[in-house]
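This report refers to the structure that appears directly beneath it.
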Amino acid sequence: MARPVWFVNLIKKAFPRRFSVARLTRAPVLGAAMAHWLSEGDDLIYLPRDEVIQIKVPAALPQSTVLPSQVVDHFIDQAEDHCVMDFCICRSSEQCQHYPIELGCLFLGRAALNINPKLGRRVSREEAHEHVKKCREAGLVHLIGRNKLDTVWLGAGPREKLLTICNCCPCCCLWRIIPHVSDEFASRIHRMPGVVVRVTDRCVGCGVCAQDVCFVQAVRLVDGLAEISDACRGCGRCAAACPEQAIEVSLPDGQQITDTIRRIAERVDLS
C-alpha cells in the first residue's frame, strides 16, 4: 500500500538521527531484527562516475566505449514502468546546499506503480534517460539494485519487482551510515564488480580526497600520502576531486558491465 505524504514527512524529520539509528544495528537481537525487516535479500551496487573510469584492455585491441552508466541505461530500456521521485529524500531532509534536491531516485518495475503519485510521477523511457543524464551532469553517483528499505518507506512492493536507481551526493547520502552499521547491513552495499581504485605515485599528500569527499570515510592520509581502505565502494569521487589526478579508477574490460547487469537481473524482475 502506497505511503501517505504525512508518513514520508515523518521519515524526513527523523533522517538527521540516522546515525544513532544505524548504531542500533550492532545490538545482537535488535540488529538482527532490523536487518531482516529493512535489508533482507538486498544487493546494491555503486557505479563509478563515467568520467573517471579507465578501461584496461590489451593494446592490440580497439577500445570500445565502456561506461558504468550503461548499466543504468540497460535497465531503463528493459523496464516497462518508470517512476521519478519529485525530490531526493536524503537531500531534502538535510536541506542540501550543494546538489539539486529535485533530482530524486528513479524506480523501475511493476512495483513502482504502487508509489504515491503525490511523491513521484510516471515517466517515459526517454524521460527516464534524460533524468539520469541530468543526475550525472550534476555530479551525482548512481546506486543501483534491490533495496528493501525503499519498499518499506514507499509501501511499494513486492520488493523483487522494484529496481532502485538512487542518485547520491557525498554530503547527504543515506549510506554515510555505513561506518556505523553492523557488518550485515554494510555487506549489502558493494562496489561494482571488477572496479579497482588505487593511489598512484603522483599523490603529493594534499589531503583534498580525505576532506568530506568519501561518503564512507575510506580515504585518509597515512605518512603524508593518500590511502584507500577496503571500505571503498568505488564511486570515483576521490578521483574526480584529486587536483593531481593521482587516483585511478579502472575496469579490466567491458565484461564487468555484463556481469553487473546479470547480477542485478537475478535479483529484480522487470518483466
Side-chain angles (χ1 to χ4, degrees), residues 18 22 39 41-55 66-76 88-91 99 103-108 131-133 135-150 162-181 183-198 209 212-219 228-242 247-252 254-268:
R18 65 196 182 280
S39 70
D42 280 2
D43 190 14
L44 290 159
I45 299 172
Y46 269 101
L47 303 180
R49 292 172 57 169
D50 285 350
E51 66 269 26
V52 302
I53 204 74
Q54 298 183 21
I55 310 299
V66 179
L67 299 172
S69 62
Q70 291 172 340
V71 175
V72 171
D73 292 339
H74 168 85
F75 287 107
I76 290 176
C88 169
I89 190 169
C90 302
R91 286 189 288 280
Y99 297 89
L103 294 179
C105 291
L106 169 65
F107 293 107
L108 308 179
H131 178 74
V132 295
K133 180 182 177 183
C135 292
R136 291 191 286 269
E137 290 173 347
L140 302 174
V141 173
H142 297 314
L143 173 69
I144 183 170
R146 192 168 99 179
N147 187 12
K148 189 176 182 181
L149 184 60
D150 287 330
L162 188 71
L163 179 63
T164 292
I165 301 171
C166 189
N167 307 296
C168 305
C169 67
C171 47
C172 302
C173 179
L174 168 66
W175 298 111
R176 287 180 65 198
I177 65 173
I178 285 179
H180 305 276
V181 296
D183 291 342
E184 184 175 4
F185 257 101
S187 67
R188 315 288 197 198
I189 299 94
H190 310 274
R191 73 169 68 183
M192 183 177 173
V195 167
V196 176
V197 184
R198 74 181 190 94
C209 59
D212 295 325
V213 171
C214 180
F215 71 105
V216 292
Q217 303 172 21
V219 187
I228 299 174
S229 74
D230 291 340
C232 170
R233 277 4 186 227
C235 70
R237 290 191 185 98
C238 57
C242 179
I247 301 177
E248 292 184 352
V249 184
S250 61
L251 281 171
Q255 182 61 39
Q256 281 66 43
I257 303 294
T258 302
D259 291 345
T260 302
I261 288 172
R262 182 184 303 113
R263 174 170 164 175
I264 295 170
E266 289 174 352
R267 288 162 175 77
V268 181

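Only heavy atoms go into these numbers, but all of them, side chains included; no hydrogens, no water, no symmetry mates. Since this is a predicted model, take the numbers as computed values, not measurements.
- Under the rule for a side chain to side chain donor-acceptor pair (under 3.5 Å), the partners of Asp43 that lie at least two apart in sequence or sit in another chain are His190, Arg263, Arg267.
- With Arg91 contributing its side chain and Leu103 its backbone, the two residues share a donor-acceptor pair below 3.5 Å.
- For Asn167, the side chain to side chain donor-acceptor pair (under 3.5 Å) criterion is met by His142, not counting sequence neighbours.
- The CG atom of Leu47 lies 9.5 Å from the CD1 atom of Ile53; values are rounded to the nearest 0.5 Å.
- Atom CZ of Phe107 sits about 4.5 Å away from atom OG1 of Thr164, to the nearest 0.5 Å.
- In this structure, CG on Asp212 lies 9.0 Å from CD on Gln217, to the nearest 0.5 angstrom.
- Taking all atoms of both residues into account, the shortest heavy-atom contact from Val249 to Gly236 is CG2-CA, 4.0 Å.
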Exercise. Quick one: do Arg233 and Ile178 satisfy side-chain contact (heavy atoms from CB on, under 4.5 Å)? Show the steps, please.
Key: CA-CA 10 Å; Arg233 277 4 186 227; Ile178 285 179; 3.8 Å; yes
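- Shown here for Met192 and Gln256, the closest heavy-atom pair between the two residues is CE-O, 3.9 Å.
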Self-check item: Audit row: Gln70, Ile261, side-chain contact (heavy atoms from CB on, under 4.5 Å) steps and yes/no
Solution: CA-CA 9 Å; Gln70 291 172 340; Ile261 288 172; over 6 Å; no
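- Between the Arg176 side chain and the Cys171 main chain, a donor and an acceptor come within less than 3.5 Å of each other.
- A donor-acceptor pair is defined here as one N or O able to donate and one able to accept, closer than 3.5 Å; such a pair exists between the side chain of His131 and the backbone of Gly104.
- Of the inter-residue distances, the one linking Asp150 atom CG with Leu163 atom CG reads 10.0 Å to the nearest 0.5 angstrom.
- Contact check for Leu174 versus Ile177: side-chain heavy atoms found under the 4.5 Å cut-off.
- Taking all atoms of both residues into account, the shortest heavy-atom contact from Cys238 to Val197 is SG-CG1, 4.3 Å.
- Annotation for Ile257 and Pro68: closest pair CD1-CA, 3.9 Å, computed over non-hydrogen atoms.
- Applying side chain to side chain contact (heavy atoms under 4.5 Å, CB included) to Tyr99 and the options Cys90, Cys172, Pro170, Cys173 leaves one that passes, Pro170.
- Scanning both residues, Asp42 and Leu149, for their nearest heavy atoms gives OD2-N, 4.4 Å.
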Exercise. Kindly indicate, with the supporting measurements, whether the criterion side-chain contact (heavy atoms from CB on, under 4.5 Å) is fulfilled by Cys168 and Phe215.
Key: CA-CA 10 Å; Cys168 305; Phe215 71 105; over 6 Å; no
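- Across all non-hydrogen atoms, the minimal contact from Val216 to Trp175 is CG1-O, 4.0 Å.
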Practice problem: Begin with the C-alpha distance, continue with both residues' side-chain angles, and end with the deciding distance and a verdict on side-chain contact (heavy atoms from CB on, under 4.5 Å) for Val132 and Leu106. | Solution: CA-CA 8 Å; Val132 295; Leu106 169 65; 3.9 Å; yes
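- Within the 4.5 Å cutoff, the side chain of Val71 has no heavy atoms near those of the Ile45 side chain.
- Taking OG1 from Thr260 and CZ from Arg191, the interatomic distance works out to 12.5 Å, rounded to the nearest 0.5 Å.
- Here the straight-line distance linking atom CG of Leu44 with atom CD1 of Ile264 works out to 9.0 Å at 0.5 Å rounding.
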